[in-house]
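Here, residue 1 is the first one in the sequence, and each next residue gets the next number.
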Amino acid sequence: MASPIVPTELIRPIIENITSIPTLYSLCLSSKLLRSETEPILYRSFTSSSDNTHTLFLTTIVDNQRLADLVRVFHSKDVIRVDGMLSKLTKSGLERMVGLKTLVFRLHAQSRIIDAPSLLDHCTFSLKTLEWVGYHEETYDEFIRIILDRQIFLKHLRWGHTYGAANLPIVSSLSVPNLLTFSAYGNTPLALLPGRRIRHLHWMRPEENDLRLQMSNIRQELGQLLSLWLNLDGADSSECFRLMAGSLSSLEFLGLVNPSTEDFSLIPTLPSLRVLVLSAGNRGTLIPADERPRRARAFFEMCPHLTRLDIVHEDEGSQRKHERWEGGTRNQRLFHYDEVRWTGRPFFGELGWPF
C-alpha cells in the first residue's frame, strides 16, 4: 500500500529546525520529496575547522553546480593555506558559489603568500557580509582591487591583518558604498571611514599619530556612528578616545577596552549615549570593587540618557568578572556574571553586528 503523502507545508517547519548535519543528510537519502526540502538547508551554510570536512564539502560543490547554488554562508577559519592542497579546491568552490552572501575567511597562520585575495579573483557572488583576516605578507592593494572594488552591496566588513597596515591603504570613494558595519585593526579604519555612512565601528588598537593627522577627514563620519567598540590596548592608543570624543554626537553605544581615568571624564560629554561598556581587557581590574557602585551612580547622574552600564573584568583571580547596572539613578538593578553570560566578544549580537 502506498504511503500517505504529507503536505510540504507540514514537513518544511520540522526540517528547518533540525541542526544535526548527519540527520539532514539521512533525510536527503530517504526520498525525493525530503531531499528537495532538506538540501537547501543542508547546503545553505557551511562551517568547519577540519581539513577533511572542507575537502568533502568543496569537492561536492565543485562537482554539482545545483548544490553550489544553494550555498549562502561559507565559514573557513584557520584551515586554508594559500600554498596548500586546499587552495585550488577552495578557489574552484568559491567560484561556483554564485549565490553566496556571507564569507568568513581567516587564512591559516602559516600562509605566507602575498596573493591570498586571488582566491576570489573570478568569483561572481555579491556579498552582504565579509570577514577577511590575512597575515603580514598579504597586500592591501590586491584585497582592494579584487574584493572591495567589486562588492558594492557589502554591508558588514571585518578586514585586516592581525596588526593593521604599516601604511594607510588607498580605497576609492566608490568602493563598498553601502557599508554599515566595519571592524579592523590599527589605522585601517581611516581608509574606509571618509565618505561612507558607517553606523557601527569596531576599532582595535588605533594609532594616535595617524588618527591626529586624519581627524579632519573623518570628523563628520564619526558624528554618524551609532555604536563604537574601541580597543585601546595598543601602545599608541592612549589618547585616541580623547581625540574622537568631541565628534561622537550620535553615539548610543560605547565600548571601551582599557580606558584611562581621563577617558572616564569624557564619557558624559556624549549627548546620545544609552549603553556604556567598560572592559579591563587582559590587564586585570579596571575599577576596584568597592568603587564600582559609586562610579556607576556617577555615570547615571552625568549621562542623562544612559540606561545600562557594564563593567567587565577578565582577571582570573576576580570573583566578579562582569557586573551590569540597568535602569537609571532611581531604579538600578545589579546583574552578575552568571546572569549576563559574557562570552568574550560581547554585545555585538544584540547590536546586529555579524562579528
Side-chain angles (χ1 to χ4, degrees), residues 182-183 189 193 198-208 211-212 215 218-234 236-315 320-335 340 342 345-348 350-351 353:
F182 186 43
S183 173
L193 279 171
I198 294 173
R199 291 293 183 264
H200 311 288
L201 178 62
H202 178 204
W203 197 340
M204 294 161 278
R205 300 173 183 171
E207 298 173 8
E208 178 186 337
L211 177 59
R212 192 183 300 275
M215 269 302 299
I218 64 170
R219 200 177 304 277
Q220 179 178 344
E221 287 75 14
L222 290 176
Q224 298 171 349
L225 290 178
L226 298 179
S227 62
L228 171 64
W229 184 267
L230 192 61
N231 188 320
L232 300 171
D233 271 342
D236 300 318
S237 301
S238 60
E239 295 293 314
C240 289
F241 180 61
R242 182 181 65 80
L243 293 171
M244 300 168 65
S247 301
L248 301 172
S249 57
S250 301
L251 199 71
E252 298 180 2
F253 173 98
L254 174 65
L256 292 177
V257 178
N258 194 35
S260 65
T261 303
E262 291 75 13
D263 292 334
F264 289 166
S265 67
L266 295 171
I267 291 171
T269 67
L270 306 180
S272 304
L273 189 65
R274 294 190 302 107
V275 177
L276 174 63
V277 181
L278 302 174
S279 173
N282 57 5
R283 299 194 179 190
T285 299
L286 183 65
I287 302 173
D290 57 349
E291 292 185 17
R292 290 172 205 160
R294 178 186 63 81
R295 182 76 71 171
R297 288 193 298 271
F299 277 124
F300 280 115
E301 291 170 359
M302 292 185 293
C303 303
H305 301 294
L306 190 67
T307 61
R308 200 179 85 197
L309 167 66
D310 286 30
I311 301 177
V312 183
H313 305 272
E314 296 186 31
D315 53 318
R320 306 165 74 182
K321 289 186 177 180
H322 189 147
E323 294 179 341
R324 170 175 294 178
W325 283 263
E326 280 192 338
T329 56
R330 296 183 180 179
N331 183 29
Q332 295 177 14
R333 180 184 175 192
L334 175 63
F335 295 78
V340 178
W342 187 63
R345 300 184 72 178
F347 320 110
F348 296 169
E350 66 186 70
L351 289 170
W353 291 28

Do Asp233 and Arg205 sit within salt-bridge range, that is, some charged N less than 4.0 Å from a carboxylate O? no

Would you call Asp290 and Arg292 a salt bridge, taking side-chain N to carboxylate O under 4.0 Å as the test? no

Under the side chain to side chain donor-acceptor pair (under 3.5 Å) rule, collect the residues that match up with [X], sequence neighbours excluded.
X      : value
Glu208 : Arg212
Gln224 : none
Arg295 : none

Dump the intermediate steps for side chain to side chain contact (heavy atoms under 4.5 Å, CB included) on His200 and Leu226, then the final yes or no. CA-CA 6 Å; His200 311 288; Leu226 298 179; 4.2 Å; yes

Over all heavy atoms of both residues, which pair between Ser279 and Pro259 is shortest? Give the atoms and the distance, please.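 Smallest heavy-atom distance, with atoms named: O-CD, 3.6 Å.
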
Over all heavy atoms of both residues, which pair between Met204 and Ser183 is shortest? Give the atoms and the distance, please.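 Heavy atoms only, the tightest pair is CE-OG, 3.4 Å.
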
Non-hydrogen side-chain atoms of [X] and [Y] separated by less than 4.5 Å:
X      : Y      : result
Ile287 : Ile311 : yes
Ile218 : Met244 : no
Asn231 : Asn258 : no
Pro189 : Ile198 : no
Phe299 : Leu278 : yes
Arg324 : Arg308 : yes
Val277 : Leu256 : no
Trp325 : Thr307 : no

Separation between [atom1] of [X] and [atom2] of [Y], rounded to the nearest 0.5 Å:
X      : Y      : atom1 : atom2 : answer
Glu291 : Leu286 : CD    : CG    : 10.5 Å
Leu306 : Glu326 : CG    : CD    : 10.5 Å
Ser227 : Leu201 : OG    : CG    : 8.0 Å

Report yes or no: does Ser247 contribute a side-chain atom to a donor-acceptor pair with the main-chain N or O of Leu222 at less than 3.5 Å?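 No, because the side chain of Ser247 does not come within donor-acceptor range (under 3.5 Å) of the backbone of Leu222.
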
Closer than 3.5 angstrom, by distance alone: can the side chain of Ser250 be matched with the main-chain N or O of Leu225 as a donor-acceptor pair?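 A pair under 3.5 Å: no.
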
Pairing residues for Arg219 by the salt bridge (Lys or Arg N to Asp or Glu O under 4.0 Å) criterion, not counting sequence neighbours: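 In terms of salt bridge (Lys or Arg N to Asp or Glu O under 4.0 Å), with neighbours along the sequence ignored, Arg219 is linked to no residue.
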
For Arg242, give me all partners under salt bridge (Lys or Arg N to Asp or Glu O under 4.0 Å), at least two apart in sequence or on another chain.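 Residues passing salt bridge (Lys or Arg N to Asp or Glu O under 4.0 Å) with Arg242: Glu239.
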
Parallel, tilted or perpendicular for Trp229 and Phe253, by the 30°/60° rule? parallel

Side chains of residues 263-272: which donor-acceptor pairs under 3.5 Å do they make with residues two or more places apart or in other chains?
unit_1 : atom_1 : unit_2 : atom_2 : d
Asp263 : OD2    : Ser260 : N      : 2.9
Asp263 : OD2    : Ser260 : OG     : 3.2
Ser265 : OG     : Glu262 : O      : 2.6
Thr269 : OG1    : Leu266 : O      : 2.5
Ser272 : OG     : Ser249 : O      : 3.0

Assess whether side chain to side chain contact (heavy atoms under 4.5 Å, CB included) is satisfied between Val257 and Leu232, documenting all intermediate values. CA-CA 6 Å; Val257 178; Leu232 300 171; 5.9 Å; no

Pair Leu248, Phe241 - check side chain to side chain contact (heavy atoms under 4.5 Å, CB included), show working. CA-CA 10 Å; Leu248 301 172; Phe241 180 61; 4.1 Å; yes

